[in-house]
K.L.:
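Before I ask anything, here is the structure I am working with.
Fair warning: this is a prediction, and the values are worked out from it, not measured in the lab.
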Amino acid sequence: ALSWIEHAQHRKPVKPARVSRVKVVYKRPRTKVVAVRTLPHTRRVILHKGTKLYFANNRYYRYYNGRYIVVAPKIGVRLSFLPQGYVNVVFGNRNYFMFQGVYYEKDGDEYEVVYPELGTIIYELPEDYEKVEVDGLTYYESNNVLYEKIQVDGTRAYEVVGIIED
């Protein structure tokens with residue numbers, strides 16, 4: 001069997017490799033938690049497996065201890081809309097819509113949050129990316145997706161090489 005890094009060297013779509021969270025070393029030990037006391041009345045409420053998410057100001061929030069905390073939506077969350085400013089990312093026969101490191105696929109009249117396939121290439125990292133190490137090698141992580149810096153026709157790009165799981 002190939003390791004997840006060896007899988008990343010294939011250029012055809014394959015199911016994302018899973019990397020245990022315990023193998024990932026973050027360069028910054030703590031992330032900054034963003035919280036607000038109120039959300040605008042124009043917010044949208046999204047229910048997913050009994051949990052309420054709020055979408056406002058082009059961000060997702062969860063209500064916790066009297067505050068709304070910025071969160072990433074879980075895989076499987078379904079929306080009737082896409083966030084403003086998304087970009088199209090095409091890989092193989094997959095057409096993703098990506099915004100702030102979250103990937104969506106159209107399913108009927110809705111958009112579902114999904115993980116991208118290994119080999120998917122983007123040309124700009126999401127704003128909230130973090131540098132991480134896995135097995136001594138440096139990668140970039142955003143919303144549990146691992147990217148490796150590559151060159152495509154002389155242009156810097158980032159390839160999906162793994163998915164972090166708990």
Side-chain angles (χ1 to χ4, degrees), residues 4 7-19 21 24 31-36 39-63 68-132 139-166:
W4 70 274
H7 273 291
Q9 295 168 353
H10 293 262
R11 294 291 175 219
K12 62 182 178 148
V14 293
K15 188 175 182 204
R18 305 295 177 182
V19 177
R21 183 164 306 284
V24 180
T31 58
K32 182 180 173 188
V33 176
V34 178
V36 295
L39 293 177
H41 295 294
T42 55
R43 68 182 177 251
R44 296 182 187 208
V45 179
I46 303 156
L47 285 173
H48 178 68
K49 296 185 178 181
T51 301
K52 266 189 194 179
L53 284 179
Y54 301 88
F55 188 82
N57 304 324
N58 241 9
R59 292 179 148 186
Y60 294 90
Y61 296 86
R62 196 181 84 222
Y63 190 72
Y68 294 92
I69 298 171
V70 173
V71 296
K74 299 269 186 209
I75 298 302
V77 167
R78 299 174 76 81
L79 311 168
S80 60
F81 62 92
L82 285 169
Q84 289 182 335
Y86 71 85
V87 294
N88 264 46
V89 177
V90 177
F91 179 69
N93 63 349
R94 307 288 289 272
N95 185 30
Y96 300 109
F97 304 93
M98 201 246 309
F99 181 73
Q100 294 180 347
V102 177
Y103 290 80
Y104 304 85
E105 274 191 307
K106 188 161 179 56
D107 185 13
D109 293 338
E110 295 183 308
Y111 300 91
E112 182 175 357
V113 176
V114 297
Y115 281 132
E117 289 189 64
L118 278 184
T120 299
I121 294 171
I122 60 173
Y123 291 88
E124 194 172 311
L125 287 170
E127 244 177 62
D128 71 342
Y129 81 87
E130 289 193 63
K131 246 184 185 179
V132 300
Y139 298 96
Y140 303 89
E141 183 269 341
S142 177
N143 295 322
N144 294 326
V145 177
L146 288 172
Y147 299 92
E148 181 177 27
K149 190 184 332 183
I150 62 168
Q151 292 283 319
V152 175
D153 299 326
T155 301
R156 179 177 50 213
Y158 301 89
E159 181 178 357
V160 174
V161 294
I163 304 298
I164 300 171
E165 59 183 16
D166 291 318

K.L.:
Using every non-hydrogen atom in the two residues, find where M98 and V89 come nearest and quote the distance to one decimal.
P.N.:
CB-CG2, 4.0 Å
K.L.:
If you look at every heavy atom in R156 and K149, which pair is closest and at what distance?
P.N.:
CD-CD, 3.6 Å
K.L.:
Can you tell me how far apart CG (L79) and OH (Y60) are? Round to the nearest 0.5 Å.
P.N.:
4.0 Å
K.L.:
When rounded to the nearest 0.5 angstrom, what is the spacing between CZ in R78 and CG in D109?
P.N.:
10.0 Å
K.L.:
Counting neighbours of CD on E124 that are heavy atoms of other residues, nucleotides or ligands and sit closer than 6.0 Å, is the number greater than 12?
P.N.:
no
K.L.:
State the CD1-OH distance between I46 and Y54, to the nearest 0.5 angstrom.
P.N.:
10.5 Å
K.L.:
Tell me, do Y103 and I122 make a side-chain contact under 4.5 Å, heavy atoms counted?
P.N.:
yes
K.L.:
What do you reckon, is CD of Q84 surrounded by more than 12 foreign heavy atoms closer than 6.0 Å?
P.N.:
no
K.L.:
Compare every heavy atom of V114 with every heavy atom of I75, then report the nearest pair and how far apart it is.
P.N.:
CD1-C, 3.5 Å
K.L.:
Determine whether more than 12 heavy atoms belonging to other residues, nucleotides or ligands lie under 6.0 Å from atom NZ of K131.
P.N.:
no
K.L.:
Would you indicate whether the side-chain heavy atoms of V145 and Y115 approach each other to under 4.5 Å?
P.N.:
yes
K.L.:
Any idea which heavy atoms bring L118 and G162 closest together, and the distance?
P.N.:
CD2-N, 3.4 Å
K.L.:
So, for Y86 and Y104, is the gap between ring centers shorter than 6.0 Å?
P.N.:
no
K.L.:
May I ask you to decide if Q100's main-chain N or O and N143's side chain share a donor-acceptor pair within less than 3.5 Å?
P.N.:
yes
K.L.:
Test side chain to side chain contact (heavy atoms under 4.5 Å, CB included) on N58 and F99; report intermediate values, then the result.
P.N.:
CA-CA 9 Å; N58 241 9; F99 181 73; 3.2 Å; yes
K.L.:
Verify, without hydrogens or angle tests, whether Y111 (side chain) and P83 (backbone) share a donor-acceptor contact under 3.5 angstrom.
P.N.:
no
K.L.:
Mark yes when over 12 heavy atoms from residues, nucleotides or ligands other than R59 sit less than 6.0 Å from its CZ; otherwise mark no.
P.N.:
no
K.L.:
Taking all atoms of both residues into account, what is the closest heavy-atom pair of S142 and G101, and its distance?
P.N.:
OG-CA, 3.9 Å
K.L.:
Measuring from Y139:OH to E159:CD, what's the distance to the nearest 0.5 Å?
P.N.:
10.5 Å
K.L.:
Tell me whether the centres of the aromatic rings in Y147 and Y129 are closer together than 6.0 Å.
P.N.:
no
K.L.:
Report yes if the side chains of F97 and N88 come closer than 4.5 Å at any heavy-atom pair, otherwise no.
P.N.:
yes
K.L.:
Do the numbers put R44 on top of the ring of F81, so that NZ or CZ is under 6.0 Å from the six-membered ring centre and no more than 45° off the axis?
P.N.:
yes
K.L.:
For a 4.5 angstrom cut-off between non-hydrogen side-chain atoms, does E117 reach V160?
P.N.:
no
K.L.:
What's the separation between atom CD1 in I150 and atom OH in Y158, rounded to the nearest 0.5 Å?
P.N.:
10.0 Å
K.L.:
Kindly compute the distance separating OH (Y61) from CZ (R43), expressed to the nearest 0.5 Å.
P.N.:
11.5 Å
K.L.:
Taking all non-hydrogen atoms of both residues into account, name the closest pair between I163 and P116 and its distance.
P.N.:
CD1-O, 4.3 Å
